[in-house]
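Quick caveat: nothing in here was measured; it's all calculated off a predicted structure. Lettering follows sequence order; numbering is per chain, from 1.
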Amino acid sequence: MSVREEFDTWAADGRDKGMEERHWHTAKHVLARMPVEAGETVLDLGTGSGYALRALRDTKNAGRAYGLDGSPEMARNAREYTDDPNVGFVVGDFDELPFADDSVDHAFSMEAFYYAADPEHTLEELARVVRPGGTFYCAVNYYEENVHSHEWQENISVEMTRWNRSEYRDAFRNAGFYVAEQDNVPDLDIEIPPAAEFPTDSWQTREAMVERYRTLGTLLTVGVVR
Amino acid sequence: MSVREEFDTWAADGRDKGMEERHWHTAKHVLARMPVEAGETVLDLGTGSGYALRALRDTKNAGRAYGLDGSPEMARNAREYTDDPNVGFVVGDFDELPFADDSVDHAFSMEAFYYAADPEHTLEELARVVRPGGTFYCAVNYYEENVHSHEWQENISVEMTRWNRSEYRDAFRNAGFYVAEQDNVPDLDIEIPPAAEFPTDSWQTREAMVERYRTLGTLLTVGVVR
Amino acid sequence: MKESLMDILCDPLDKSDLELEVDERDDDEILEGRLIGTETGEVYPIEDGIPNLLPPDMRDD
Amino acid sequence: MKESLMDILCDPLDKSDLELEVDERDDDEILEGRLIGTETGEVYPIEDGIPNLLPPDMRDD
Ligand SMILES: Nc1ncnc2c1ncn2[C@@H]1O[C@H](CSCC[C@H](N)C(=O)O)[C@@H](O)[C@H]1O
Ligand SMILES: Nc1ncnc2c1ncn2[C@@H]1O[C@H](CSCC[C@H](N)C(=O)O)[C@@H](O)[C@H]1O
């Protein structure tokens with residue numbers, strides 16, 4: 001199945017809103033760190049419901065905020081969730097970004113980057129599209145150190161890239177970024193039941209759930225375009 | 001009183017260790033984010049007890065780790081707290097860094113930067129000393145938005161610079177850095193007593209204490225040398 | 001899409017400029033139309049206000 | 001200080017090179033001595049293994 005087919009189904013199921021709710025737990029911290037100045041142009045890669053764009057407009061007074069997604073249904077839904085005239089959506093693929101050189105000040109991506117068919121090339125594309133000195137904030141829950149995520153590939157038809165922390169740093173550098181930061185951003189909002197309630201439907205032990213959310217959380221890699 | 005006199009007194013009082021303990025609450029998160037690769041050279045500006053250098057050696061396998069401090073007594077103490085041959089201390093002033101151009105990969109500073117007599121010039125010095133693409137992680141608890149810190153100047157003879165968030169970003173950019181990140185890093189470790197125990201010796205209300213530590217915390221500005 | 005989006009859009013295939021053809025618009029948005037690659041001649045549809053700039057082999061018209 | 005620190009140290013005043021003069025050392029460290037600015041001629045003491053590179057007007061000998 002293609003990205004379009006897979007994620008059109010998700011959008012039709014309403015999974016865009018479910019993801020927004022769960023991802024917000026860590027994405028809000030990531031977005032807060034971005035050095036976006038009032039009036040600057042931001043890009044959200046694999047925007048889903050588009051919540052990141054709405055947040056950057058509200059909290060940082062971003063100028064124009066564009067969301068790219070490979071799923072027309074995701075983009076259609078996202079467009080309905082806002083009537084902010086400075087927020088716009090584009091259907092497109094990570095590997096061939098339809099944006100001019102240096103046209104974006106800062107880019108963000110949550111739980112989407114690893115779906116790129118050629119992630120090294122996607123990073124090169126980002127380094128081309130983001131102006132020198134602009135940032136790419138790349139946030140993922142699916143990565144090598146998060147052993148609890150390894151099985152996710154089984155439930156999805158699109159091939160996923162599972163880099164570790166240092167593979168992310170190396171790939172950023174190879175593509176033309178300076179690496180400015182890498183961090184595990186904990187999910188402090190998800191409720192973790194008391195020990196007596198384990199095993200739950202999803203978690204064998206409380207320790208595993210604590211490790212997944214509070215310790216590993218979301219892997220953030222921040223690149224600055226050279 | 002000079003920096004040397006003021007902080008020599010602090011070192012003699014053992015305040016270096018007290019600061020290490022309190023500052024570690026947020027400094028550990030800041031240090032964890034730094035993109036230090038094994039073998040790289042790091043610099044700690046206003047190193048105090050030198051804990052940041054020990055942490056970067058232990059957690060990131062930094063190559064050489066140097067602490068600069070304007071107080072000979074601070075440096076003397078710091079030297080006694082480690083026998084790691086790759087950690088070294090230098091007495092010097094923020095305004096005239098005794099390091100060669102591009103000689104350092106990454107720099108860190110906790111609760112020290114704002115003591116610089118000429119902070120804009122200190123940033124220029126850092127941009128000179130840190131190699132292109134290297135980072136300066138600047139962490140402060142004394143800053144404009146932290147209203148709870150405003151009175152600190154009354155108790156110290158060295159003049160302190162109280163910038164706000166955007167003044168930090170502007171100054172970094174003017175000195176030759178790209179701004180990669182700005183964040184309030186919360187202190188989640190300090191114990192906040194139940195409401196009934198307020199006012200305490202230090203805090204009128206529980207809300208004020210929560211705001212100071214959990215919300216405002218430590219202001220981090222990350223620059224990448226252009 | 002707002003017309004200002006044209007400032008930053010380009011042809012995904014070769015990053016050359018796009019030409020805009022409008023079929024339908026409301027007060028401040030283009031709702032239906034197409035973007036045409038000035039070099040590639042490729043036609044990218046605008047549907048319900050959203051431009052579809054997927055490379056042609058990934059698109060499903 | 002270890003001798004390898006010389007790789008990155010310079011004269012704070014004009015960033016020129018320093019010359020090292022050793023009075024006392026142990027197995028791998030220089031404990032007492034001085035660093036001399038090759039351009040400025042300024043003398044910076046090394047005391048108890050720590051070089052003092054404060055600009056002369058801030059130092060208290
Ligand atoms: N190759 C590709 N090109 C463009 N978008 C892609 C893509 N692969 C996946 N996506 C999109 O990336 C999104 C991943 S789901 C994450 C959505 C949102 N960022 C959130 O945090 O909730 C989906 O909307 C999917 O359609
Ligand atoms: N102008 C200056 N030049 C060099 N060091 C300075 C300085 N002004 C202050 N300092 C040093 O900066 C330190 C501030 S206290 C903070 C110490 C340590 N970073 C910690 O987090 O605990 C003191 O050790 C003081 O001597």
Residue, of B:R165, B:E37, B:R226, that accumulates the most heavy atom pairs under 4.5 Å with chain A: B:E37
Donor-acceptor contact below 3.5 Å, side chain A:E167 vs main chain A:N164: yes
Short side-chain to backbone donor-acceptor contact, A:Q153 and A:V158, under 3.5 Å: yes
Taking atom [atom1] of [X] and atom [atom2] of [Y], what is their separation to the nearest 0.5 Å?
X	Y	atom1	atom2	result
B:L123	B:E125	CG	CD	10.5 Å
B:L126	B:F94	CG	CZ	9.0 Å
B:D101	B:R128	CG	CZ	5.0 Å
B:T82	B:D84	OG1	CG	4.5 Å
B:H23	B:D16	NE2	CG	11.5 Å
A:Y114	A:T122	OH	OG1	14.0 Å

Atom group of B:R169 that falls short of 4.5 Å from chain A, counting heavy atoms: side chain
B:V30 portion near chain A, given a 4.5 angstrom heavy-atom threshold: neither
Over all atoms of both residues, closest heavy-atom pair of B:S109 and B:F113: OG-N, 3.7 Å
Contact summary for B:P119 and B:T161, nearest pair of heavy atoms: CG-OG1, 3.5 Å
Contact listing (chain A partner; residues 39-68 of chain B; heavy atom under 4.5 Å): none
Within residues 129-150 of chain B, residues adjacent to chain A where the heavy-atom gap is under 4.5 Å: B:P132, B:G133, B:T135, B:Y137
Ring geometry between B:Y168 and B:W163 (parallel below 30°, tilted from 30 to 60°, perpendicular above 60°): perpendicular
Aromatic ring pairing B:F7/B:Y115, orientation class (parallel under 30°, perpendicular over 60°, tilted between): perpendicular
Residue-level contacts of residues 177-187 of chain A with chain B, using a heavy-atom cutoff under 4.5 Å: A:Y178, A:V179, A:A180, A:E181, A:Q182, A:D183
Positions in residues 198-220 of chain A that reach chain B, provided some heavy atom is under 4.5 Å away: none
Min side-chain heavy-atom separation B:F89-B:D69 under 4.5 Å: no
Any side-chain heavy-atom pair of B:V222 and B:R33 under 4.5 Å: no
Derivation of the salt bridge (charged side-chain N to carboxylate O under 4.0 Å, His left out) call for A:D189 and A:K28: CA-CA 11 Å; A:D189 294 345; A:K28 66 183 174 188; 2.6 Å; yes
Side-chain ion pair, A:E20 and A:K17, N-O less than 4.0 Å: no
Exceeds 12 heavy-atom contacts within 6.0 angstrom, atom CD of A:E120: yes
